[in-house]
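Data first, discussion second: the structure below is written as structure tokens.
Note that the structure is predicted; figures quoted are calculated from it, not measured. Just so you know, ligand 1 is whichever comes first in the structure, and atom 1 is the first atom listed for that ligand.
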Amino acid sequence: MVARPPRLGLVLGDQLSFDLASLAALDPTRDAILMAEVEGEARYVPHHPLKIILIFSAMRHFAKALRERGWQVHYVELNAAGNSGSIAGELRRWQQALGATHIHLTECGEWRLEQALRDAQLPLVWHRDTRFLCSREAFARWAQGRKQLRMEHFYRGMRKRCGLLLEADGSPAGGAWNFDGDNRKPLPRQLRGPFAAQFEPDAITTAVVALVRQRFSDHYGAVDGFNYPVTHEQAHQLWQHFLDFGLAAFGDYQDAMAEGEPYLFHARISAALNIGLLDVRCLCDDVDKAWREGRVPLNAAEGFIRQLIGWREYVHGIYWLRMPEYAGLNHLGNQRALPEFYWTGATRMRCMAQTIGQTLRLGYAHHIQRLMVTGNFALLAGIVPDAICEWYLAVYMDAFDWVELPNTLGMVMHADGGYLGSKPYCASGRYIQRMSDHCKACSYKVDHVIEEDACPFNALYWHFLIRHRAQLSANPRLAMVYRNLDGMPLGHREAVWQRGQSLLARLDAGEVV
Ligand code: FAD
Ligand code: DLZ
Ligand code: SF4
């Protein structure tokens, strides 16, 4: 019998799942797997060094685990001789070396890479990414014919389809689909988040830290202090830690921020989940069970499940429905460059300095920090969407284009004209004051608007509304805000505008704000 030439399977750095569809299509006794650390993927945006450490270390651990399961894995380290520097280059090199007839791979998480591979004239056999509960095709079917895509409608469908938090008759547990109204409590003064789970770097991670220190010292962000799970087992420890110590209070304090508290009651699982170390369906089942057993309240369980089968699946669907034109949208016509302090944290605004500082230190900020602090400021200041999207993609451990882009371009910057969210999440300093203790420690005064020491968010908020009146004032959800603006005494309104102008001029001049 003539031996069949081997087939090659590609596993990317965010596809570290044993049940990946392309792996399931191959035969460990005859086929080979390729995994490659490449300069191109590590540098197309200046990824945070901790993020590169995470991806490379988790890839190396996964390759080891695949070998232990009997797979033949060709693993190309970054410094390996002959490394071509790109995924397409490595596929071509190894396909020729092995004489492989077909290359099996799973849909990429980024349009950029998927397109590059499709253009590469290789014998590719594509597989659906079944790690998402709603496929690209199923989302397109749901979206078809709808005038407006609303997350809440999508989410209800997903709850029913997945059978999560439902009563026996199929109605939503507790009589409502959404308990968000209960989930906006500021943190009580004495309360602190649970201790963070610790993951000691092993020999593999230590070697990767040295490599990243040597090769990526030009990227912003810390190299030291890596504390992330890099194996499936560790990711489950992190998840169990959250179930034991975080979930019960997740709902109540989901929107809270506090000095020196980077995580509060957030799960910190996004990076592990997005690279394939956790499975979304298992997470949701665990949360449903915790609620049924009375271990966590319904507002926590519902709030958490909504993030996963609602927001996460929804932004994934929107990304693949609208790419590539979605990435080029700039509905508000923003032109301002990203201020340098986003990369350094050198700003007098306490909330920004805390959020950016922990981002550079840990590669992490929770949702409200990303949305209502750094995101809100970029929206109010009119930063070019491309520049702020690049920042979010570079600095967060969990950032991949499919999830970062809709959140930043759509939810934060309103650059899609309200396709993803019905109104811009613009807010003055008062919101940050209500949800955090940052203002007490700030050199600006949150209750001042036009004075030299006034919180920059205040004048910029009104400046934003004035400058975008034509695009925003017809939005019913902003009607009240525009009524307040129009009720302002004329002289005051003008002073607010002038203060906004002067802050924007200072940003343009590269001055510290
Ligand atoms: P928790 O607060 O504990 O939430 C649990 C899980 O829900 C998260 O792990 C995540 O998987 C999911 N989730 C929550 N909110 C969202 C959301 N809006 N979109 C998608 N999934 C969500 N999340 C990423 O995973 N990668 C990104 O690149 C990313 N970029 C963002 C950019 C901006 C501007 C904003 C506003 C949000 C972004 N998010 C992103 C969503 C959210 O901020 C992170 O998922 C969350 O902070 C991760 O921390 P956690 O695991 O502790 O989350
Ligand atoms: C993010 C990343 C980095 C930094 N490096 C690699 C790499 O060297 N090899 C690899 O296969 N994947 C890497 N990744 C993840 C890819 O960029 C990711 O698969 C795409 O962004 C698609 O989501
Ligand atoms: Fe942020 Fe303004 Fe509060 Fe300072 S006063 S922490 S800038 S919201």
query: Around ligand 2, what residues show up once you keep those with a heavy atom under 4.0 Å from it?
result: Leu12, Gly13, Asp14, Ala36, Glu37, Val38, Glu41, Ala42, Tyr44, His47, Ile55, Phe56, Met59, Ile87, Gly109, Glu110, Arg112, Leu113, Phe400
query: With a cut-off of 2.8 Å, which protein N/O/S atoms are close to atom 3 (Fe) of ligand 3, if we only count those under it?
result: Cys439 SG
query: So is Arg268 polar-close to ligand 1, meaning N/O to N/O under 3.5 Å?
result: yes
task: Provide, to 0.1 Å, the distance between atom 19 (N) of ligand 1 and the closest protein heavy atom, together with that atom's residue and name.
output: Asn407 ND2, 3.1 Å
message: Residue-level breakdown please: for Ala365 versus ligand 1, do any non-hydrogen atoms fall below 4.0 Å on the side chain, on the backbone, on both, or on neither?
response: backbone
field: Polar contact flag for Ala267 and ligand 1 (N/O pairs, less than 3.5 Å)
entry: yes
- request: Please name all residues satisfying side-chain contact (heavy atoms from CB on, under 4.5 Å) with Glu152, sequence neighbours left out, ordered by chain then number.
  value: Tyr155, Arg156, Trp177, Asn178, Arg306
- request: Return the option from Arg370, His266, Arg306 holding the heavy atom at the smallest distance from atom 46 (C) of ligand 1.
  value: Arg370
query: Should His367 be counted as touching ligand 1, given the test is an N or O pair under 3.5 Å?
result: yes
field: Side chain, backbone, both or neither: the part of Tyr364 lying under 4.0 Å from ligand 1 by heavy atom
entry: side chain
statement: So the side chain to side chain donor-acceptor pair (under 3.5 Å) pairs with at least one residue in residues 428-441 (sequence neighbours excluded) are Glu259-His438
message: Whether Arg131 and Asp129 form a salt bridge (side-chain N of Lys/Arg under 4.0 Å from carboxylate O of Asp/Glu) is what I want to check.
response: yes
query: Do the charged groups of Arg112 and Glu41 touch, with an N to O distance under 4.0 Å?
result: yes
Salt-bridge contact Asp285-Arg281 (side-chain N to carboxylate O under 4.0 Å): yes
